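Everything numeric in this text was worked out from a predicted model, so none of it was measured. Side chains included, hydrogens not; waters and symmetry mates left out as well; all remaining heavy atoms used. Sequence positions, counted from 1, serve as the residue numbers for this chain.
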Amino acid sequence: MARIRQTAIVGTAALAVLAAGVAPAYAAGTTIRKGTATAAAYSGNVQASLLGTATVSTSIGSGSCSESTMTGSINSDGSGLAISSASFSGDNGGPCAGSTSATIQTQNLPWTGGNVTYDAGHTNGRDATVTINNFSVKATVDIFGGITCEFGGTLTANGYNGDNASRPDTSSGDAQVGVQNAQVSKTGGSFFCPSTATVSATYALRGETSAGSGTYDQPLYVTG
(Lines give C-alpha, C1' and ligand atoms only; values in the text may rest on other atoms or scores of the structure.)
Protein backbone atom coordinates (compact mmCIF):
# COMPACT_ATOMS: atom_id res chain seq x y z
CA MET A 1 0.00 0.00 0.00
CA ALA A 2 2.92 2.36 0.68
CA ARG A 3 4.06 1.84 -2.90
CA ILE A 4 0.61 2.78 -4.17
CA ARG A 5 0.61 6.01 -2.18
CA GLN A 6 4.09 6.87 -3.39
CA THR A 7 3.07 6.38 -7.02
CA ALA A 8 0.11 8.69 -6.58
CA ILE A 9 2.22 11.64 -5.55
CA VAL A 10 5.30 11.28 -7.73
CA GLY A 11 3.79 12.80 -10.84
CA THR A 12 1.84 15.33 -8.83
CA ALA A 13 4.86 16.85 -7.20
CA ALA A 14 6.95 16.70 -10.36
CA LEU A 15 4.33 18.64 -12.25
CA ALA A 16 4.24 21.27 -9.58
CA VAL A 17 7.95 21.93 -9.92
CA LEU A 18 7.95 22.35 -13.72
CA ALA A 19 7.29 26.04 -13.34
CA ALA A 20 9.01 26.31 -10.02
CA GLY A 21 9.16 28.49 -7.18
CA VAL A 22 8.26 30.79 -4.36
CA ALA A 23 10.01 34.12 -4.39
CA PRO A 24 9.66 37.37 -2.54
CA ALA A 25 6.86 39.60 -3.81
CA TYR A 26 7.64 41.06 -7.23
CA ALA A 27 10.11 43.94 -7.07
CA ALA A 28 11.07 46.54 -9.66
CA GLY A 29 14.44 46.23 -11.36
CA THR A 30 14.06 42.82 -13.03
CA THR A 31 14.47 42.45 -16.79
CA ILE A 32 14.09 39.26 -18.82
CA ARG A 33 16.44 39.46 -21.82
CA LYS A 34 17.09 37.59 -25.05
CA GLY A 35 20.01 35.43 -24.05
CA THR A 36 22.67 37.83 -22.72
CA ALA A 37 23.04 40.51 -20.07
CA THR A 38 23.00 43.31 -22.68
CA ALA A 39 20.43 41.93 -25.15
CA ALA A 40 16.98 43.37 -25.78
CA ALA A 41 14.20 42.70 -23.30
CA TYR A 42 12.01 39.63 -23.82
CA SER A 43 8.28 39.36 -23.22
CA GLY A 44 6.12 36.49 -24.41
CA ASN A 45 5.75 32.72 -24.28
CA VAL A 46 8.14 30.56 -22.30
CA GLN A 47 8.76 26.84 -21.90
CA ALA A 48 10.33 24.84 -19.06
CA SER A 49 11.74 21.40 -19.92
CA LEU A 50 12.97 18.88 -17.37
CA LEU A 51 16.71 18.25 -17.22
CA GLY A 52 17.41 14.76 -15.86
CA THR A 53 14.78 13.52 -13.43
CA ALA A 54 12.41 15.02 -10.88
CA THR A 55 12.61 13.16 -7.56
CA VAL A 56 9.99 13.05 -4.83
CA SER A 57 10.38 11.83 -1.25
CA THR A 58 7.67 11.31 1.36
CA SER A 59 7.24 9.64 4.71
CA ILE A 60 6.21 6.47 2.88
CA GLY A 61 8.71 6.29 0.01
CA SER A 62 10.24 8.04 -2.99
CA GLY A 63 10.11 7.99 -6.78
CA SER A 64 10.92 9.93 -9.95
CA CYS A 65 9.61 11.29 -13.26
CA SER A 66 11.89 11.52 -16.30
CA GLU A 67 9.82 13.62 -18.74
CA SER A 68 8.12 16.94 -18.05
CA THR A 69 7.27 20.16 -19.90
CA MET A 70 5.40 23.33 -18.98
CA THR A 71 4.48 26.32 -21.12
CA GLY A 72 3.28 29.78 -20.22
CA SER A 73 4.06 33.46 -20.61
CA ILE A 74 5.83 36.29 -18.82
CA ASN A 75 6.36 40.05 -19.08
CA SER A 76 9.82 41.48 -19.65
CA ASP A 77 9.89 43.01 -16.15
CA GLY A 78 9.42 39.57 -14.58
CA SER A 79 5.76 40.08 -13.70
CA GLY A 80 2.71 38.22 -14.96
CA LEU A 81 4.11 34.68 -15.02
CA ALA A 82 1.20 32.44 -16.04
CA ILE A 83 1.25 28.70 -16.75
CA SER A 84 -1.15 27.56 -19.45
CA SER A 85 -0.17 23.89 -19.90
CA ALA A 86 1.92 21.22 -18.19
CA SER A 87 2.70 17.53 -18.62
CA PHE A 88 4.92 14.91 -17.05
CA SER A 89 5.58 11.17 -17.28
CA GLY A 90 8.10 8.40 -16.86
CA ASP A 91 10.24 6.87 -19.60
CA ASN A 92 8.69 6.71 -23.08
CA GLY A 93 5.61 8.59 -21.93
CA GLY A 94 4.65 6.03 -19.31
CA PRO A 95 3.73 6.68 -15.68
CA CYS A 96 6.24 8.02 -13.21
CA ALA A 97 8.21 5.39 -11.26
CA GLY A 98 5.95 2.92 -9.47
CA SER A 99 4.43 -0.54 -9.75
CA THR A 100 0.92 0.72 -10.59
CA SER A 101 -0.24 3.16 -13.27
CA ALA A 102 -1.08 6.72 -12.21
CA THR A 103 -2.97 9.34 -14.20
CA ILE A 104 -1.86 12.89 -13.44
CA GLN A 105 -4.15 15.80 -14.28
CA THR A 106 -3.68 19.54 -13.96
CA GLN A 107 -6.51 21.52 -12.46
CA ASN A 108 -7.67 25.13 -12.64
CA LEU A 109 -5.36 26.23 -15.46
CA PRO A 110 -4.08 28.81 -16.15
CA TRP A 111 -2.06 29.25 -12.98
CA THR A 112 -1.58 33.00 -12.74
CA GLY A 113 0.04 35.54 -10.45
CA GLY A 114 3.63 34.33 -10.62
CA ASN A 115 6.83 36.30 -11.22
CA VAL A 116 10.59 36.21 -11.73
CA THR A 117 12.61 38.48 -9.41
CA TYR A 118 16.29 39.30 -9.91
CA ASP A 119 18.44 38.57 -6.84
CA ALA A 120 21.15 41.24 -6.68
CA GLY A 121 22.74 39.45 -3.72
CA HIS A 122 23.00 36.17 -5.67
CA THR A 123 21.92 34.14 -2.65
CA ASN A 124 23.44 30.65 -2.77
CA GLY A 125 24.79 31.45 -6.23
CA ARG A 126 21.43 32.09 -7.88
CA ASP A 127 20.57 34.97 -10.22
CA ALA A 128 16.83 35.16 -9.49
CA THR A 129 13.88 33.61 -7.75
CA VAL A 130 10.85 32.27 -9.61
CA THR A 131 7.29 32.12 -8.29
CA ILE A 132 4.39 30.09 -9.61
CA ASN A 133 1.12 30.62 -7.80
CA ASN A 134 -2.18 28.80 -7.71
CA PHE A 135 -1.00 25.48 -9.13
CA SER A 136 -3.35 22.55 -8.59
CA VAL A 137 -2.83 18.94 -9.66
CA LYS A 138 -4.48 15.56 -9.12
CA ALA A 139 -3.06 12.05 -9.32
CA THR A 140 -5.33 8.99 -9.60
CA VAL A 141 -3.88 5.52 -9.12
CA ASP A 142 -5.65 2.71 -10.98
CA ILE A 143 -6.37 0.41 -8.05
CA PHE A 144 -9.38 -0.20 -5.80
CA GLY A 145 -11.47 1.91 -8.15
CA GLY A 146 -8.96 4.77 -8.11
CA ILE A 147 -7.07 6.39 -5.23
CA THR A 148 -6.80 10.14 -5.70
CA CYS A 149 -4.32 12.60 -4.19
CA GLU A 150 -4.52 16.36 -4.74
CA PHE A 151 -1.73 18.87 -4.13
CA GLY A 152 -1.59 22.61 -4.61
CA GLY A 153 -0.21 25.96 -3.54
CA THR A 154 3.14 27.59 -4.26
CA LEU A 155 6.65 26.14 -4.57
CA THR A 156 10.15 27.59 -4.18
CA ALA A 157 12.92 27.64 -6.79
CA ASN A 158 16.14 29.39 -7.70
CA GLY A 159 16.77 30.85 -11.15
CA TYR A 160 20.16 30.68 -12.89
CA ASN A 161 21.45 32.26 -16.07
CA GLY A 162 23.05 29.97 -18.60
CA ASP A 163 26.57 31.28 -17.90
CA ASN A 164 26.29 30.93 -14.12
CA ALA A 165 28.85 28.40 -12.88
CA SER A 166 26.51 27.60 -9.97
CA ARG A 167 23.65 26.43 -12.20
CA PRO A 168 22.46 22.91 -11.32
CA ASP A 169 23.18 21.31 -14.72
CA THR A 170 26.44 22.65 -16.14
CA SER A 171 26.06 20.48 -19.27
CA SER A 172 23.21 22.78 -20.36
CA GLY A 173 23.82 26.40 -21.37
CA ASP A 174 20.16 27.37 -20.97
CA ALA A 175 18.73 29.45 -18.15
CA GLN A 176 17.60 27.05 -15.44
CA VAL A 177 15.18 26.73 -12.54
CA GLY A 178 16.39 24.51 -9.71
CA VAL A 179 14.16 23.17 -6.97
CA GLN A 180 15.91 21.50 -4.04
CA ASN A 181 13.95 19.80 -1.27
CA ALA A 182 10.89 22.01 -1.75
CA GLN A 183 7.62 20.92 -0.15
CA VAL A 184 4.13 20.66 -1.63
CA SER A 185 1.06 20.16 0.54
CA LYS A 186 -1.92 17.86 0.21
CA THR A 187 -5.13 19.73 -0.56
CA GLY A 188 -7.50 16.79 -0.96
CA GLY A 189 -7.91 13.15 -1.83
CA SER A 190 -7.63 9.80 -0.07
CA PHE A 191 -6.49 9.42 3.52
CA PHE A 192 -3.71 7.20 2.10
CA CYS A 193 -2.05 10.31 0.65
CA PRO A 194 0.80 11.89 2.68
CA SER A 195 0.29 15.44 3.93
CA THR A 196 3.46 16.68 2.21
CA ALA A 197 5.99 15.63 -0.44
CA THR A 198 9.58 16.87 -0.86
CA VAL A 199 10.65 17.66 -4.42
CA SER A 200 13.98 18.17 -6.22
CA ALA A 201 14.27 18.93 -9.96
CA THR A 202 15.94 21.17 -12.57
CA TYR A 203 14.32 22.69 -15.67
CA ALA A 204 15.74 24.51 -18.71
CA LEU A 205 13.95 27.72 -19.74
CA ARG A 206 13.53 29.14 -23.24
CA GLY A 207 11.35 31.61 -25.11
CA GLU A 208 10.34 31.98 -28.78
CA THR A 209 12.48 33.74 -31.38
CA SER A 210 9.34 34.17 -33.46
CA ALA A 211 6.42 35.16 -31.24
CA GLY A 212 3.57 32.66 -31.29
CA SER A 213 5.50 30.08 -33.33
CA GLY A 214 5.48 27.38 -30.66
CA THR A 215 9.21 26.84 -31.31
CA TYR A 216 11.17 27.49 -28.13
CA ASP A 217 14.60 28.40 -29.46
CA GLN A 218 15.25 31.73 -27.70
CA PRO A 219 17.71 31.63 -24.77
CA LEU A 220 16.69 33.78 -21.81
CA TYR A 221 18.71 35.83 -19.32
CA VAL A 222 17.67 37.68 -16.15
CA THR A 223 19.25 40.98 -15.08
CA GLY A 224 18.55 43.71 -12.55
Side-chain angles (χ1 to χ4, degrees), residues 13-37 39-51 54 68-86 106-137 151-164 166-168 174-185 187 199-208 211-212 216 218-224:
L15 180 58
V17 298
L18 285 178
V22 164
Y26 166 72
T30 298
T31 303
I32 311 298
R33 299 186 182 276
K34 296 181 177 181
T36 70
Y42 179 86
S43 180
N45 295 331
V46 292
Q47 181 185 73
S49 300
L50 182 65
L51 294 171
S68 187
T69 304
M70 176 173 284
T71 59
S73 60
I74 193 168
N75 297 324
S76 62
D77 63 359
S79 67
L81 177 61
I83 305 304
S84 57
S85 69
T106 59
Q107 301 184 108
N108 305 321
L109 287 168
W111 302 330
T112 60
N115 65 76
V116 173
T117 302
Y118 180 69
D119 181 358
H122 299 283
T123 308
N124 297 322
R126 71 190 179 192
D127 294 301
T129 54
V130 185
T131 302
I132 185 168
N133 290 329
N134 302 313
F135 79 84
S136 179
V137 289
F151 290 84
T154 306
L155 282 176
T156 335
N158 296 319
Y160 303 85
N161 289 319
D163 60 357
N164 187 334
S166 297
R167 66 192 187 279
D174 283 319
Q176 297 174 23
V177 169
V179 180
Q180 186 64 38
N181 296 325
Q183 284 197 336
V184 290
S185 298
T187 58
V199 182
S200 295
T202 299
Y203 294 82
L205 302 178
R206 285 201 168 199
E208 298 173 315
Y216 293 91
Q218 174 62 64
L220 300 176
Y221 202 99
V222 182
T223 65

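Atoms CD and CD1, on Q218 and I32 in that order, are 12.0 Å from each other to the nearest 0.5 Å. Expressed to the nearest 0.5 Å, how far CG of D127 lies from CG of N164 amounts to 4.5 Å. Distance check, rounded to the nearest 0.5 Å: CZ of R33 to OG of S43 gives 13.0 Å. Taking CG of L81 as the reference point, atom OG of S73 lies at 7.5 Å (rounded to 0.5 Å). A distance of 7.0 Å separates OH of Y160 from CG of N124, quoted to the nearest 0.5 Å.
Between R167 and Q176, the closest heavy-atom pair is CD-NE2, 3.5 Å. Closest of all the heavy-atom pairs between Y42 and G207 is OH-CA, 3.4 Å.
Between the side chain of N75 and the backbone N or O of D77, no donor-acceptor pair lies under 3.5 Å. No side-chain donor-acceptor contact under 3.5 Å links R206 to the backbone of Q47. A donor-acceptor contact shorter than 3.5 Å links the side chain of N133 to the backbone of G113. Judged by distance alone, with hydrogens and angles left aside, the side-chain atoms of N115 form no donor-acceptor pair with the main-chain N or O of T131 at under 3.5 Å. Between the side chain of T31 and the main chain of T223, no donor-acceptor pair closer than 3.5 Å is present.
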(request) Evaluate side-chain contact (heavy atoms from CB on, under 4.5 Å) for V177 paired with L205, printing each intermediate quantity in order. (result) CA-CA 7 Å; V177 169; L205 302 178; 3.3 Å; yes
(request) Walk me through it: do V222 and N161 pass the test side-chain contact (heavy atoms from CB on, under 4.5 Å)? (result) CA-CA 7 Å; V222 182; N161 289 319; 3.9 Å; yes
(request) Please step through side-chain hydrogen bond (donor to acceptor under 3.5 Å, both in side chains) for the pair T117 and T30, ending with a clear verdict. (result) CA-CA 6 Å; T117 302; T30 298; 5.0 Å; no
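With sequence neighbours left out, the side chain to side chain contact (heavy atoms under 4.5 Å, CB included) criterion links P219 to no other residue. Applying the side chain to side chain contact (heavy atoms under 4.5 Å, CB included) rule to N108 yields the partners S136; only residues at least two apart in sequence or on another chain are considered.
N45 places a side-chain heavy atom less than 4.5 Å from the side chain of Y216.
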